[in-house]
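Just so it is clear, the values below take in all heavy atoms, side chains as well, and ignore hydrogens, waters and symmetry mates. Every number for a ligand or one of its atoms is a count from 1 in the order of the listing.
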Amino acid sequence: MKLLVVGGGGREHAIIRKLNESPKVDKIYCAPGNGGISRDAECVNIGACDIDNMVAFAKDNAIDFCVVAPDDPLAAGMVDAMNGADIPCFGPNKAAARIEGSKVFAKNLMKKYGIPTAAYEVFDDPHAAMDYVKAQNTYPTVIKADGLALGKGVILAQTEEEAMAAIHSIMEDKQFGDSGNQIVIEEFLTGPEVSVLSFCDGKTIVPMVSSMDHKRALDGDQGLNTGGMGTVAPNPHYTDAVAKECMETIFLPTVRAMEAEGCPFAGCLYFGLMLTPKGPKVIEYNCRFGDPETQVVLPLLKSDLLDIFVAVSQGKLDSVPVEFAKDEYAACVVEASGGYPQNYEKGKVIQGLDENGQCDGVTVYHAGTKYENGQFLTSGGRVLGLTATAKTLPQALEKAYQAAETVTFEKMHLRKDIGQRALQAL
Ligand code: AMP
Ligand code: GLY
């Protein structure tokens, strides 16, 4: 089969490397891809959100199957457009992608179908929102822009002042454009966080191995929120008992709710969960694989990923095996450009990689690299994800951090405490 993977980060690299293990794959294109991905797939210079050119490329090149990985093209309807051109895809259509694209949609869905989540109110008027926060007078309070906001649309306000500033910048200054036409104000929850990605074909849902993200830029969960500075899998907080409860109270009810609303979800449904003292609750849904969760989840997948993707697109997920390695751990340490998630320099030469962009002992997933004259250069905020697997979590972490000593570039930044909270919970 000839495949097209849309996107160009570490997540897409992890998807491509797993797809390349399938005997049914003849060729993979990736648009736009990146320097590291170019060693494993043919990169095509089309932007991930350029629906017209993406569909035209897929038709002209007789693509048999397309995987749309990032949230923006999913929310914009790339899967609908591909299907309209008779190209089967892995990924939700536009209607189903609202589960991530609109927080108001997601919260109202959970309320209507009794799925546990933080209590909330929706506002389209900034003054009403400000009055509500003042009347509640409970801090921290959580303020979320309705639409996509590059992962920056959630503000945990510690004081009235911070809350007012957040409402002002989202709704009046339009910091995130139309994504801030409405906001959700919700209750602050506490407890360990767990990411669960799942395969879902509209009716059947099969959760993948659980994982733990590290969102803040600095050690000890300090500093700004980022796309994710590292992950481990499985997440030790996610016991069999918790998994059973989540299946009954969250996963199946969500799949049935989307079906009942006339927008069955087919693709990867990501549950961002918090294990609160009152049980597991949904913090957020994503309509796609997480990044860098995918970089620890897919290395533990034993089954054929292409078979699963095709089965999902045909509504036959119950007919294929989905098996993960047992008694194995994965750890991913992200190397970022100094200054990320704010300003950072690009174009730094990366040391310690072979000609395929790899390094012994780990799998190197490229998030933001360029390949020029036989060298890999940095070209983004998150640059590389170094993933190691092992029989124990400490071993996996040791292998990943060992590789990080040789794979380096000027002003490289990484967190030194990836997996430490997970180790404490083991
Ligand atoms: P998001 O951008 O939706 O992934 O949210 C970013 C982070 O904000 C989450 O990973 C949580 O740590 C935190 N968060 C979001 N909603 C809540 C909430 N209701 N209570 C506490 N923390 C939250
Ligand atoms: N790592 C979090 C996300 O992909 O949204």
request  = Name the orientation class of the two ring planes belonging to His366 and His13 (parallel below 30°, tilted from 30 to 60°, perpendicular beyond 60°).
outcome  = perpendicular
ask   = Does Gly228, backbone or side chain, put an N or O under 3.5 Å from an N or O of ligand 2?
value = no
request  = Find out whether the Lys NZ or Arg CZ of Arg39 is both under 6.0 angstrom from the six-membered ring centre of Tyr371 and within 45° of the ring's axis.
outcome  = yes
request  = Using distance alone, determine whether Leu189 and ligand 1 share an N or O pair under 3.5 Å.
outcome  = yes
query = Any idea which protein heavy atom is nearest atom 5 (O) of ligand 2, and the distance to it?
reply = Arg288 NH2, 2.9 Å
message = Minimum distance, heavy atoms only, to atom 19 (N) of ligand 1: which one of Glu186, Lys103, Glu284 is it?
response = Glu186
message = What verdict does the side-chain hydrogen bond (donor to acceptor under 3.5 Å, both in side chains) test give for Glu187 and Tyr120, after you've listed the backbone C-alpha separation in whole Å, the side-chain angles of each residue and the deciding distance to 0.1 Å?
response = CA-CA 6 Å; Glu187 164 200 16; Tyr120 73 102; over 6 Å; no
task = Check whether any N or O atom of Lys144, backbone or side chain, sits under 3.5 Å from an N or O atom of ligand 1, and answer yes or no.
result = yes
key: Backbone or side-chain N or O of Asn286 under 3.5 Å from ligand 2 N or O   = yes
query = What protein heavy atom is closest to atom 2 (C) of ligand 2, reported as residue, atom name and distance in Å?
reply = Asp213 OD2, 3.5 Å
task = Answer yes or no: is there a donor N or O on one side and an acceptor on the other, between the side chain of Thr117 and the main chain of Val282, under 3.5 Å?
result = yes
task = Around atom 17 (C) of ligand 1, find the nearest protein heavy atom and jot down its residue, atom name and distance.
result = Ile283 CD1, 3.6 Å
request  = Could you list which atoms of ligand 2 come closer than 4.0 Å to a heavy atom of Gly290?
outcome  = 4 (O)
key: Sole candidate of Phe271, Phe251, Phe265, Phe105 that passes ring-ring contact (aromatic ring centres under 6.0 Å, His included) when paired with Tyr285   = Phe271
inquiry  = Please list the nearest protein heavy atom to atom 8 (O) of ligand 1 with its residue and the distance rounded to 0.1 Å.
reply    = Val154 CG1, 3.8 Å
Ligand-residue contact atoms, ligand 1 with Phe188, heavy atoms, under 4.0 Å = 20 (N), 21 (C)
query = Does ligand 2 have an atom under 4.0 Å from some heavy atom of Tyr270?
reply = yes
message = With a 4.0 Å cut-off on N to O distance, would you call Lys107 and Asp146 a salt bridge?
response = no
message = Has Thr387 got a side-chain atom pairing as donor or acceptor with Gln295's backbone, closer than 3.5 angstrom?
response = yes
query = Knowing that exactly one of Arg98, Lys112, Arg256 qualifies, which makes a side chain to side chain donor-acceptor pair (under 3.5 Å) with Glu261?
reply = Lys112
query = Side chain, backbone, both or neither: which part of Arg11 comes within less than 4.0 Å of ligand 2 when only heavy atoms are counted?
reply = neither
ask   = Between Asp40 and Arg17, is the closest basic N to carboxylate O distance under 4.0 Å?
value = yes
ask   = Looking only at non-hydrogen atoms, which of Glu187, Glu100, Glu193 approaches atom 12 (O) of ligand 1 most closely?
value = Glu193
query = Atoms of ligand 2 less than 4.0 Å from Gly227 heavy atoms?
reply = 1 (N), 2 (C)
ask   = Which class fits the ring pair Phe309 and Phe199: parallel under 30°, tilted 30 to 60°, perpendicular over 60°?
value = perpendicular
request  = Please identify which atoms of ligand 2 are closer than 4.0 Å to at least one heavy atom of Glu293.
outcome  = 1 (N), 2 (C), 4 (O)
query = Any chance the rings of Phe57 and Tyr29 have centres within less than 6.0 Å?
reply = yes
task = Please identify which atoms of ligand 1 are closer than 4.0 Å to at least one heavy atom of Leu156.
result = 14 (N), 22 (N), 23 (C)
task = Give the intermediate values and the outcome of ring-ring contact (aromatic ring centres under 6.0 Å, His included) for residues Phe123 and Tyr132.
result = CA-CA 9 Å; Phe123 296 91; Tyr132 171 81; 5.0 Å; yes
ask   = Quick check: does Lys215 get an N/O under 3.5 Å from an N/O on ligand 2?
value = no
Non-hydrogen atom of Lys152 closer than 4.0 Å to ligand 1 = no
ask   = Based purely on interatomic distance, does Glu284 place a nitrogen or oxygen under 3.5 Å from a nitrogen or oxygen of ligand 2?
value = no
